[in-house]
Amino acid sequence: QVQLVESGGGLVQAGGSLRLSCAASGRAIVSRAMGWFRQAPGKEREFVSATSWSGGSTYYADSVKGRFTISRDNAENTVYLQMTSLKPENTATYYCAARLSSQTSDRQNDYTYWGQGTQVTVSL
């Protein structure tokens with residue numbers, strides 16, 4: 001089992017930045033691909049970004065490319081999502097997820113473990 005706990009969410013003005021963290025406990029995530037998803041009010045959960053087990057392969061939704069950066073510290077069992085140039089439409093609950101595989105994926109069903117989410121609110 002892997003337990004995931006997100007942190008770092010909050011209220012920020014448009015154009016600002018936040019860094020989300022996802023701390024894993026239980027079994028190590030060193031060999032697992034990790035992803036970030038988000039769900040805005042009234043919308044379905046959607047893919048944001050993913051990283052391979054080594055961090056050497058990363059993948060982003062088109063809407064966040066160039067603004068968000070995913071990274072990981074396997075020694076600390078933590079994955080990060082650095083978000084810059086935030087927009088009001090980025091307001092959502094952000095979820096961290098872990099796969100059993102080492103390969104990246106943008107499909108929610110490919111992820112086995114999920115955190116409880118952290119709220120990000122971007123104001124005008």
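The chain is numbered in sequence order, starting from 1. These figures come from a predicted structure and were not determined experimentally.
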Minimum-distance pair of heavy atoms, taken over all atoms of Thr118 and Gly9: OG1-N, 3.2 Å

Between CH2 of Trp53 and OG of Ser31, what distance do you get to the nearest 0.5 Å? 8.5 Å

Test your reading of the model: is there a side-chain donor-acceptor pair from Glu6 to the backbone of Gly117, 3.5 Å cut-off? yes

Listed once per pair and sorted, the salt bridge (charged side-chain N to carboxylate O under 4.0 Å, His left out) pairs that draw on residues 86-95, sequence neighbours left out: none

Could you state whether Val2 and Trp36 fall into the same hydrophobic cluster, counting links through intermediate Ile, Leu, Val, Met, Phe, Trp or Tyr residues with side-chain heavy atoms under 4.5 angstrom apart? yes

Rounded at 0.5 Å granularity, tell me how far OG1 in Thr112 sits from CZ in Arg32. 8.0 Å

Pairwise distance CZ(Arg72) to OG1(Thr58) - rounded to 0.5 angstrom: 11.5 Å

Geometric class of the Tyr111/Phe37 ring pair [parallel <30°, tilted 30-60°, perpendicular >60°]: perpendicular

Distance in Å, Arg38 CZ paired with Met83 CE, rounded so as to fall on 0.5 Å steps: 9.0 Å

Between the main-chain N or O of Asp110 and the side-chain N or O of Arg99, is there a donor-acceptor pair closer than 3.5 Å? yes

Between Thr91 and Ala40, which heavy-atom pair has the shortest distance, and what is it? O-CB, 3.6 Å

Which pair of non-hydrogen atoms, one from Lys43 and one from Gln39, has the smallest distance, and what is that distance? O-NE2, 3.0 Å

Of the non-hydrogen atoms in Asn90 and Tyr94, which two are nearest, and what is the gap between them? O-OH, 2.6 Å

Trp114 and Gln108, any side-chain heavy atoms less than 4.5 Å apart: yes

CD1 on Ile70 to CG on Leu20, rounded to 0.5 Å: 10.5 Å

Which of these, Asp106, Thr104, Thr51, sits in a side-chain hydrogen bond (donor to acceptor under 3.5 Å, both in side chains) with Tyr59? Asp106

Take Gln119 and Thr93 through the test side-chain hydrogen bond (donor to acceptor under 3.5 Å, both in side chains) and record every step on the way to the result. CA-CA 4 Å; Gln119 178 67 37; Thr93 300; 2.9 Å; yes

Below 4.5 Å, heavy atoms only, C-beta onward: do Leu11 and Ser123 meet side chain to side chain? yes

Is there a continuous path of hydrophobic side-chain contacts, each under 4.5 Å between heavy atoms, that joins Leu4 to Tyr95? no

So, taking the atom named OG1 in Thr69 and the one named OH in Tyr80, what distance separates them when rounded to the nearest 0.5 Å? 14.0 Å

Leu100, Phe47: one ILVMFWY side-chain cluster at the under-4.5 Å cut-off? no

Check the surroundings of atom CD in Gln116: do more than 12 heavy atoms from other residues, nucleotides or ligands lie under 6.0 Å from it? no

If you group Ile, Leu, Val, Met, Phe, Trp and Tyr by side-chain heavy-atom gaps below 4.5 Å, do Leu81 and Val12 land in one group? yes

